[in-house]
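A short worksheet on the structure shown next.
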Protein chains: 2
Amino acid sequence: MVLGNQVEWAIHCCSVLSGLGVGERVSTKTLAEFHGVPKEYLSKALQQLAQAEIIDGTLGPKGGYRLNKPADQISFLDIVEAIEGRKTTFQCTEIRANNPCIKGEKMKGICGVAQVMYRADEAWRDELRRVTLVDLQKTLKKNVSADLLQRSGEWLSRD
Amino acid sequence: MVLGNQVEWAIHCCSVLSGLGVGERVSTKTLAEFHGVPKEYLSKALQQLAQAEIIDGTLGPKGGYRLNKPADQISFLDIVEAIEGRKTTFQCTEIRANNPCIKGEKMKGICGVAQVMYRADEAWRDELRRVTLVDLQKTLKKNVSADLLQRSGEWLSRD
DNA sequence: GGTATTTTACTCGGATAGTCTATGTCCGAGTGAGTCTGG
DNA sequence: CCAGACTCACTCGGACATAGACTATCCGAGTAAAATACC
């Protein structure tokens, strides 16, 4: 049970976009080169983010992506769900219904096993819901040298 | 990102084993029929549980599995980790090291993105760690008719 | 100079392909409780 | 009646098959900014 790389890429891309000036956009190509990942495949992830209205892309030259809402209104969960979908990590197959001792007897409530797993799932989601791109930006500023941040910013808006 | 069916099966099997009398064992075949899942494949999951020393199997006729420790010392997390391994759900590929602006500069600390994901992962684990087979047994007794529980017990110890 | 056309640099989205994992099947080897056999 | 051999039901674990998901790659269509051509 492992999250795909696209999730990691998507979050890093959103992080980059959240550091942009007003009116600025970054193209898929630039994002791909900056992160060292295949352009075409990254594009799929960005499309999904766009479909979830987290980012917004424009066509043509000078086109590219930017955030579609304020960075403090975009949580990690939003991004993860945009890429991975909203399925729970545990899928109950109602195994208990196969019990040969049950005849017509109807089962009440949800399966006890599923209940526990769903609760854990919800704890995971809660944690991701609490963190926004602004929080990420703050820890970045704390852990990365101002010099590197500036050089990266210039690299991204070069051409 | 979805947990495999084996996790569900494993927990249900442990639940059954935790309801057993002293000295009793249940065979893979019986467990498979009881849950309506393929015997050979379920066997793989049970082997992993045995390797993690959660259950204990004996060979020969009258052989089968039983819990290897008291039910209140077996958490959902133990079972999940026995089946799925101990990998975190998020795998950091150190994408930030691909930044073309970094030259020799060494990165300090763990990636801010990974940090958040790991925290969510830990919340998930905490929740699973808190629930044991005894807790599961309690909710079962609350939600399932005593009649069905008894019939199931008899079915499991039949020959 | 202003308008129309072309070029160019992007995104969008469908088609395809390889690899990996989850799922499931098959079978031979090992084990040990119960059964059988020979004295 | 008892010891040793045998049988059978079970676990163990490796090999194999299949389906779906993940990770890509390629390309044609659409779009819009910029460059060019034309009047």
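First the proteins, then the strands, lettered A, B, ... as listed; each starts at 1.
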Side-chain donor-acceptor pair under 3.5 Å between [X] and [Y], yes or no?
X        : Y        : value
B/Glu154 : B/Gln150 : yes
B/Thr89  : B/Asp121 : yes
A/Thr139 : B/Gln115 : no
A/Ser18  : A/Ser15  : no
B/Asn99  : A/Ser152 : yes

Rounded to the nearest angstrom, tell me the gap between atom [atom1] in [X] and atom [atom2] in [N].
X       : N      : atom1 : atom2 : result
B/Leu49 : D/dT11 : CG    : P     : 14 Å
B/Gln47 : C/dG30 : CD    : C1'   : 13 Å
B/Leu31 : D/dC10 : CG    : C1'   : 13 Å
B/Leu46 : D/dG13 : CG    : P     : 13 Å
B/Leu42 : C/dT23 : CG    : P     : 13 Å
B/Gln48 : C/dG24 : CD    : C1'   : 14 Å
B/Lys39 : C/dC26 : NZ    : P     : 11 Å
A/Glu40 : D/dC27 : CD    : P     : 10 Å

Quick one: do [X] and [Y] make a salt bridge, cutoff under 4.0 Å?
X        : Y        : answer
B/Glu81  : B/Arg125 : yes
B/Glu127 : B/Arg130 : yes
A/Arg129 : A/Asp78  : no

Task: Nucleic acid contacts - residues 51-60 of chain A versus DNA chain D, non-hydrogen atoms under 4.0 Å - done: A/Leu59, A/Gly60
Task: Ring geometry between A/Trp155 and A/Phe34 (parallel below 30°, tilted from 30 to 60°, perpendicular above 60°) - done: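 Tilted.
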- [ ] Summarise how protein sits on nucleotides 15-24 of chain D as a single string, 5' to 3': B when a protein heavy atom is under 4.0 Å from the base, S for sugar-phosphate-only contact, - for no contact.
- [x] B------SBB
Open item on the list: Looking at B/Thr28, I'd like to know whether one of its side-chain N or O atoms comes within less than 4.0 Å of OP1 or OP2 on D/dT11.
Closed with: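 It does, given that an N or O in the side chain of B/Thr28 lies less than 4.0 Å from OP1 or OP2 of D/dT11.
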